[in-house]
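Notes to accompany the following structure.
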Amino acid sequence: MAAPNRGRSASAQSKPGRTLALILIAIVALTGGMFLSGHTTPRLGIDLAGGTSITLEAKADQGSAINKANMDTAVDIMNRRVNGLGVTEAEVQTQGDRNIIVNIPKGTNSKEARDQVGTTAKLYFRPVLAQDATGPAAAASPSPSASGSSKASPSPSASKSGSTGEKATSSSSPSASATSQGRAVTDALKADSTPSASASASSSASPSAPASSAPSDAQAKLQAQYAALDCSKKAQRTTAGEGAKPGEPTLGCGEMSGVWYKYLLGPAAVDGTEVKKAQAVFDTQTAAGWQVTMTFNGKGAKKFADITGQLAKNTQPQNEFGIVLDGEVVSSPYVSSSITGGNAQISGSFTQDEAQNLANMLSYGALPLSFQEQSVTTVTAALGGDQLHAGLLAGAIGLLLVVVYLVAYYRGLSLVAMASLLVSGILTYVLMALLGPAIGFALNLPAVCGAIVAIGITADSFIVYFERIRDEIREGRSLRPAVERAWPRARRTILVSDFVSFLAAAVLFIVTVGKVQGFAFTLGLTTVLDVVVVFFFTKPLMTLLARRKFFASGSKWSGLDPKSLGAQPPLRRTRRPAPAHTKEA
């Protein structure tokens, strides 16, 4: 039974070079991938690289109470909004009873993020009753054609809406038809005035309504407001449609190709909360470019089918529906046929950013509360640089103290420990640089602290192994068998210790938010790397060094001198002398 064990031990000792080659190849491959990706430095968080901090205060003006449930829902939606922009390491969290803090790291379009996070009114789909270009740019804009307009359709060949809330690149624009002024506006309002404000009723606007009956006071007031509205003026844009209820007609503004358009909109037909999913996709089959696909829930699908079925019977612009967010018409696609099944596409001359922005608004447009921006604070990169410098200085001092201790106490063995620390440091740095673009990992100040703590955890693993080897030498064994006999005992201790550290990091990562997660993630990552380095680098390296005369002979400077360790000579069994039997006289 002993022979197979010796055979396996000899086999394990004869291939340490192969194991070392394996981990070195992995390091070279990861480093090459880092340089090929172009991300040669870890991505820094807001506290190190700078960024923007936004404070929002909740307002109970939408019929919802300011309570923990609604605040948590708002935080979740805002978090998905900033994540939808591709923002990583952004923090969205409550502060007190009615404030939400949004931290956006440097490298993100902070204005775009502020617009989306601070856009807190509910999202509605409203039928378009009339529309007109406004402002000085309207006269210089080319006359649009109906064929260039947009549509929402289940067909893959559907095209884009006339406005996106940002500067659009589409050559199409909303039609400034004669129905948008004077008597035609009154006709549209009359056609839309029904006892019910439901989706089906709100979409029945038609320019063919009878013009003989006089408009009501509310209709006349709305008509006057529409005639006087100039969406090119910011003061008028911000108040357009202010205070309008979902079941009432309202006004809105939207921008396209640098021209602002005013809209007369019917009662809300579909609520933004009924959009189950929206995403930007690129259509390569029909050369339609970027599109926005929408999926409605069961209730929303029925409403959307009703409104699109009725809008398809009208002429432009009354065959369009406006996607209204916070009083702004972010898109106004036209409809060519009824859209059933709960799925729709909005397509046309979208850029990727425009399609993604619209998809984000459709997906995350509804908040239970409205919010007012209280303050915006910019963290400069200089302050973050000072913090990073202080963190790195603390790490360097900690590493230096560890190295001094290892050299003083372990002497030659300290070379093994320092080489292992170097390998662990290289792997940690390369993985942090690669994880930035891969999963959005950002190195913040707590993460730097986690890396500093990891120096001690990694050094502790080497110390456990070294002490086991020295224990074996104290018992009278030579170095080569001592290295192999010490490994199983040290391995068990190292695994248990690292498992406890990893478990603590995992729990901390799950139950915390924000920057503390950076500390937990770094601690967990370095703990895993500690196991990899000890198993695939430290142990094989010790096996190789045990064959070198400097270590095997127990040199005074190797840290393995038997005399310095107080080794006892091995016990040897000796034959007892036979007791003497005296003869009787």
Side-chain angles (χ1 to χ4, degrees), residues 12 15-45 48-49 86 88-89 105 107 388 391-392 395-396 398-399 402-403 406 415-462 465 491 494-495 497-499 501-503 505-506 508-509 517-545:
K15 299 180 181 178
R18 183 181 301 178
T19 307
L20 286 174
L22 180 64
I23 192 171
L24 292 176
I25 290 173
I27 291 174
V28 171
L30 289 173
T31 306
M34 178 184 71
F35 282 102
L36 289 176
S37 67
H39 300 277
T40 56
T41 57
R43 186 175 177 272
L44 300 181
L48 297 180
T88 52
E89 212 257 332
L388 179 60
L392 294 177
L399 180 60
V402 170
V403 170
L406 291 173
L415 297 176
V416 180
M418 287 187 286
S420 300
L421 283 172
L422 179 62
V423 170
S424 180
I426 293 174
L427 285 173
T428 302
Y429 181 89
V430 171
L431 287 177
M432 284 183 175
L434 290 175
L435 290 176
I439 64 173
F441 171 77
L443 186 67
N444 53 26
L445 196 57
V448 174
C449 296
I452 295 173
V453 171
I455 296 174
I457 294 176
T458 305
D460 181 62
S461 298
F462 309 149
Y465 186 31
R491 176 181 60 197
I494 292 169
L495 288 176
S497 175
D498 283 345
F499 175 75
S501 298
F502 183 81
L503 185 62
L508 193 63
F509 184 84
Q517 285 186 328
F519 172 83
F521 182 85
T522 305
L523 183 61
L525 175 65
T526 51
T527 301
V528 173
L529 291 179
D530 176 43
V531 175
V532 173
V533 171
V534 170
F535 274 70
F536 292 93
F537 185 81
T538 307
K539 167 57 174 62
L541 184 59
M542 277 302 305
T543 301
L544 288 176
L545 293 179

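Hydrogens, waters and symmetry mates play no part in the numbers below; they use all other heavy atoms, side chains included. For the single chain, residues carry numbers from 1 onward in sequence order.
Atom CG in Leu525 sits 8.5 Å away from atom OG1 in Thr527 (nearest 0.5 Å). Here Thr522 contributes atom OG1 and Leu431 contributes atom CG; the two are 11.5 Å apart, rounded to the nearest 0.5 Å. The structure places CD1 of Ile452 at 12.5 Å from CD1 of Ile457, a figure rounded to the nearest 0.5 Å. From Ile455, atom CD1 reaches atom CG of Asp460 across 13.5 Å, with rounding to the nearest 0.5 Å. Put simply, CZ on Phe537 and CD1 on Ile27 are 7.5 Å apart, with the number rounded to the nearest 0.5 Å. With rounding to the nearest 0.5 Å, the separation of CG in Asp530 from OG1 in Thr428 is 9.5 Å.
With Phe462 as reference, Leu421 is the one residue of Leu421, Val402, Ile494 to meet the side-chain contact (heavy atoms from CB on, under 4.5 Å) rule. Checked against Thr538 for a side-chain hydrogen bond (donor to acceptor under 3.5 Å, both in side chains), the options Ser461, Ser420, Ser424 give a single hit: Ser420.
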Item to complete: Carefully, step by step, assess Met432 and Leu435 under the rule side-chain contact (heavy atoms from CB on, under 4.5 Å).
Response: CA-CA 5 Å; Met432 284 183 175; Leu435 290 176; 5.8 Å; no

Discussion item. With side-chain contact (heavy atoms from CB on, under 4.5 Å) as the criterion, how do Leu427 and Val533 come out once you've worked through the C-alpha distance, each side chain's angles and the decisive distance to 0.1 Å?
Written reply: CA-CA 9 Å; Leu427 285 173; Val533 171; 4.1 Å; yes

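Scanning both residues, Phe35 and Thr40, for their nearest heavy atoms gives CD2-CG2, 3.6 Å. Smallest separation of non-hydrogen atoms from Leu30 and Val430: O-CG1, 3.5 Å. Across every non-hydrogen atom of Phe502 and Gly524, the tightest pair is CD1-O, 3.7 Å. Contact detail for Ala433 and His39: the closest heavy-atom pair is CB-O, 3.5 Å. Between Pro446 and Phe519, the shortest heavy-atom contact is O-CD1, 3.3 Å.
Side-chain contact between Val453 and Leu523 is present, with at least one heavy-atom pair separated by less than 4.5 Å. Side-chain contact between Leu20 and Leu544: present, with at least one pair of heavy atoms (C-beta onward) separated by less than 4.5 Å.
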